[in-house]
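So that the names make sense, note that chain A is the first sequence line, chain B the second, and so on, each numbered from 1.
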Amino acid sequence: MNIVVCIKQVPDTKGGVKFNPDGTLDRAAMLAIMNPDDKAGLEAALRIKDETGAKVTVLTMGLPKADAVLREAMAMGADEAILVTDRVLGGADTWATSTTIAGALRNLDYDLIITGRQAIDGDTAQVGPQIAEHLGLPVISYAEDIKVEGDSVIVKRQYEDRYHVVKAKMPCLITALSELNEPRYMTPGGIFDACDKEVTVWGRADLKDVDDSNLGLKGSPTKIAKASDKVPKGAGEKVNLDPAESVAYLIGKFKEKHII
Amino acid sequence: MGLEEYKGVFIYAQQVDNKLSSIAFELIGKAKELASDLGTEVTAVLLGSNVKGLADELGEYGADKVIVVDNPELETYRTEPYAQALAAVINEYKPEIMLVGATAIGRDLGPTVSARVATGLTADCTKLEIGDFPLQPVPGKEDEQKHNQLLMTRPAFGGNTIATIACPDNRPQMATVRPGVMQKLPKEEGRKAEVIEFNPALEKNNRYVEIQEVVKAVGNVQNIMDAKVLVSGGRGVGSKENFQMLQDLADVFGGMVSCSRAVVENGWLAQDYQVGQTGKTVRPQIYFAIGISGAIQHVAGMEESDLIIAINKDEDAPIFQVADYGIVGDLNKIVPALTEALKAEMGK
């Protein structure tokens with residue numbers, strides 16, 4: 001069984017954010033980690049590997065420095081790693097990103113593709129389902145639990161007030177929630193091996209059945225009109241009154257705001 | 001592609017168990033504004049099995065037209081038959097704008113359909129308006145600026161940034177919209193929408209999945225992230241019992257109680273109710289911070305709330321830096337009095 005886990009290197013949002021002059025994120029200037037939902041997806045794949053001996057390949061699209069998350073994934077137990085990187089792929093929205101990743105996946109044998117539900121930088125949750133769409137695969141989003149049963153997967157699919165137990169025939173694509181599991185740590189031996197292993201690097205030319213008009217900033221249907229750091233919220237009014245006056249003050253404000 | 005062929009503002013009218021979700025009405029409310037700016041109509045797209053009866057309610061909340069796709073395959077949400085149905089509606093009726101709720105369904109259906117019809121999708125929007133793209137004309141290229149575009153604004157980076165996005169060259173312009181942000185219109189009894197029954201063939205392909213079981217949550221079904229009003233308590237509340245006071249205030253608004261990390265550590269409330277970096281990020285319409293000092297980790301989880309009211313006896317508490325209205329005083333006196341005053345005002 002072949003599992004491909006799509007992972008993303010994301011800026012650690014605690015470190016603050018920086019922009020390029022064109023309004024896109026300046027990822028090069030920020031600290032980077034493996035996206036948490038993707039890490040849970042990787043852990044889910046590694047657990048299937050532990051049980052069945054499946055081969056786990058990790059794939060990422062990003063800057064050359066995204067090599068770091070691939071090595072981390074191999075140190076956790078992934079067998080192979082692929083970095084898709086090319087200048088012409090930069091500035092991609094979710095359509096262009098999913099087109100790119102689908103183009104890379106077409107080169108691989110897969111039974112199961114796992115992505116994180118969403119990345120903590122964009123928070124869109126769009127790339128996983130869009131990859132499935134480009135590849136014509138069944139998709140199960142928001143997975144809380146994944147089990148392999150013969151040629152199918154049984155997934156607990158989370159909704160706001162319920163879950164569905166869903167069965168899909170492989171090949172299929174699943175998007176993982178970070179609630180799925182507690183990802184394992186890298187092992188010292190794993191770290192050692194990961195340094196020695198090769199990361200396969202693919203560029204534009206390695207993408208299969210992909211049109212240039214659907215790649216990168218130019219191939220992105222959505223365009224950024226404006227992007228900015230959030231303006232920190234300033235303090236409002238503060239009053240120090242006796243309790244009855246405080247209550248009257250708030251009631252007045254609620255009326256002013258048409259809350260009551 | 002003739003972009004001018006695409007007309008009208010469409011919304012996906014989500015239903016679950018043949019009951020319309022609140023987001024459907026919220027989307028109609030926003031769509032009415034956009035349609036008014038564009039001089040066009042609002043069409044709700046209703047997908048399901050035996051759902052035609054829900055069309056009237058969509059009319060009462062402002063939909064001008066309702067397109068109903070009624071098919072037994074659509075009884076319970078599954079990505080593929082729903083995506084086929086919605087894509088068929090888009091291909092047939094060619095809306096210029098298609099709005100979908102950013103729910104656990106919409107965040108699956110939206111990306112699948114947008115990829116299928118080859119257009120852009122902007123996720124989790126909190127603001128939508130009609131305007132120009134680029135926002136300012138580029139000198140020398142004034143005639144390249146496009147008018148009447150959907151400008152979609154959304155937070156990203158865990159709320160650290162705000163981006164406004166357009167989709168100038170593809171149609172429809174698609175967005176998922178965060179629930180609880182847009183306002184529904186008052187219900188107009190007896191208002192009718194034109195109902196259009198549309199029956200595209202749904203192809204049973206390899207992408208269908210089988211639902212083996214539907215398990216509805218019992219007990220603690222409510223999520224603080226869905227609450228419109230949160231009454232949040234911190235260490236200053238003093239005891240588990242005192243949280244009843246906060247619950248009473250929350251009840252007046254039909255809201256929920258939430259808390260800071262200290263409260264969970266003291267065992268007063270379960271972790272499900274914790275707001276902050278190690279808890280949940282919430283954006284209610286009103287957030288009461290009661291007896292919460294306002295550590296940065298807590299603030300990170302609630303500062304996007306529309307209106308923040310802080311009650312704290314320490315006038316230097318950092319929570320006052322983010323509060324719209326800060327009350328320095330004794331929460332044990334103020335909170336019960338506020339609850340009573342609100343009940344009197346709201347006639348409860």
Enquirer: Where does B/Leu109 contact chain A at under 4.5 Å (heavy atoms): side chain, backbone, both or neither?
Expert: neither
Enquirer: Can you check whether B/Asn223's main-chain N or O pairs, donor with acceptor, with A/Asp161's side chain at less than 3.5 Å?
Expert: no
Enquirer: Tell me, side chain or backbone of B/Arg78 under 4.5 Å from chain A's heavy atoms, or both, or neither?
Expert: neither
Enquirer: What's the shortest heavy-atom distance between A/His164 and B/Thr76, and which atoms?
Expert: CE1-CG2, 3.4 Å
Enquirer: Mark yes or no for whether B/Glu315, through its side chain, and A/Asn240, through its backbone, hold a donor-acceptor pair below 3.5 Å.
Expert: no
Enquirer: B/Glu80 versus chain A, heavy atoms under 4.5 Å apart: side chain, backbone, both or neither?
Expert: neither
Enquirer: So for B/Phe320, is it side chain, backbone, both, or neither that comes closer than 4.5 Å to the heavy atoms of chain A?
Expert: both
Enquirer: Just by distance, no angles: are the side chains of A/Gln130 and B/Thr112 close enough, under 3.5 Å, to form a donor-acceptor pair?
Expert: no
Enquirer: Please output the side-chain donor-acceptor pairs of residues 250-259 of chain A that fall under 3.5 Å, not counting sequence neighbours, one pair per line with the distance.
Expert:
residue: A/Lys253; atom: NZ; partner: A/Glu237; partner atom: OE1; Å: 3.3
residue: A/Lys253; atom: NZ; partner: A/Glu237; partner atom: OE2; Å: 3.2
residue: A/Lys255; atom: NZ; partner: B/Glu345; partner atom: OE1; Å: 3.1
residue: A/Lys255; atom: NZ; partner: B/Glu345; partner atom: OE2; Å: 3.2

Enquirer: Counting only heavy atoms closer than 4.5 Å, note whether B/Pro134 contacts chain A via side chain, backbone, both or neither.
Expert: neither
Enquirer: Is it true that a side-chain atom of A/Lys223 and a backbone atom of B/Ile165 form a donor plus acceptor pair closer than 3.5 Å?
Expert: no
Enquirer: Do A/Gln118 and B/Arg107 have side-chain atoms, one donor and one acceptor, less than 3.5 Å apart?
Expert: yes
Enquirer: Strictly by salt bridge (charged side-chain N to carboxylate O under 4.0 Å, His left out), give each pair with a member in residues 128-146 of chain A just once, sequence neighbours left out.
Expert: A/Glu133-B/Arg116, A/Glu133-B/Arg207, A/Asp145-A/Lys147
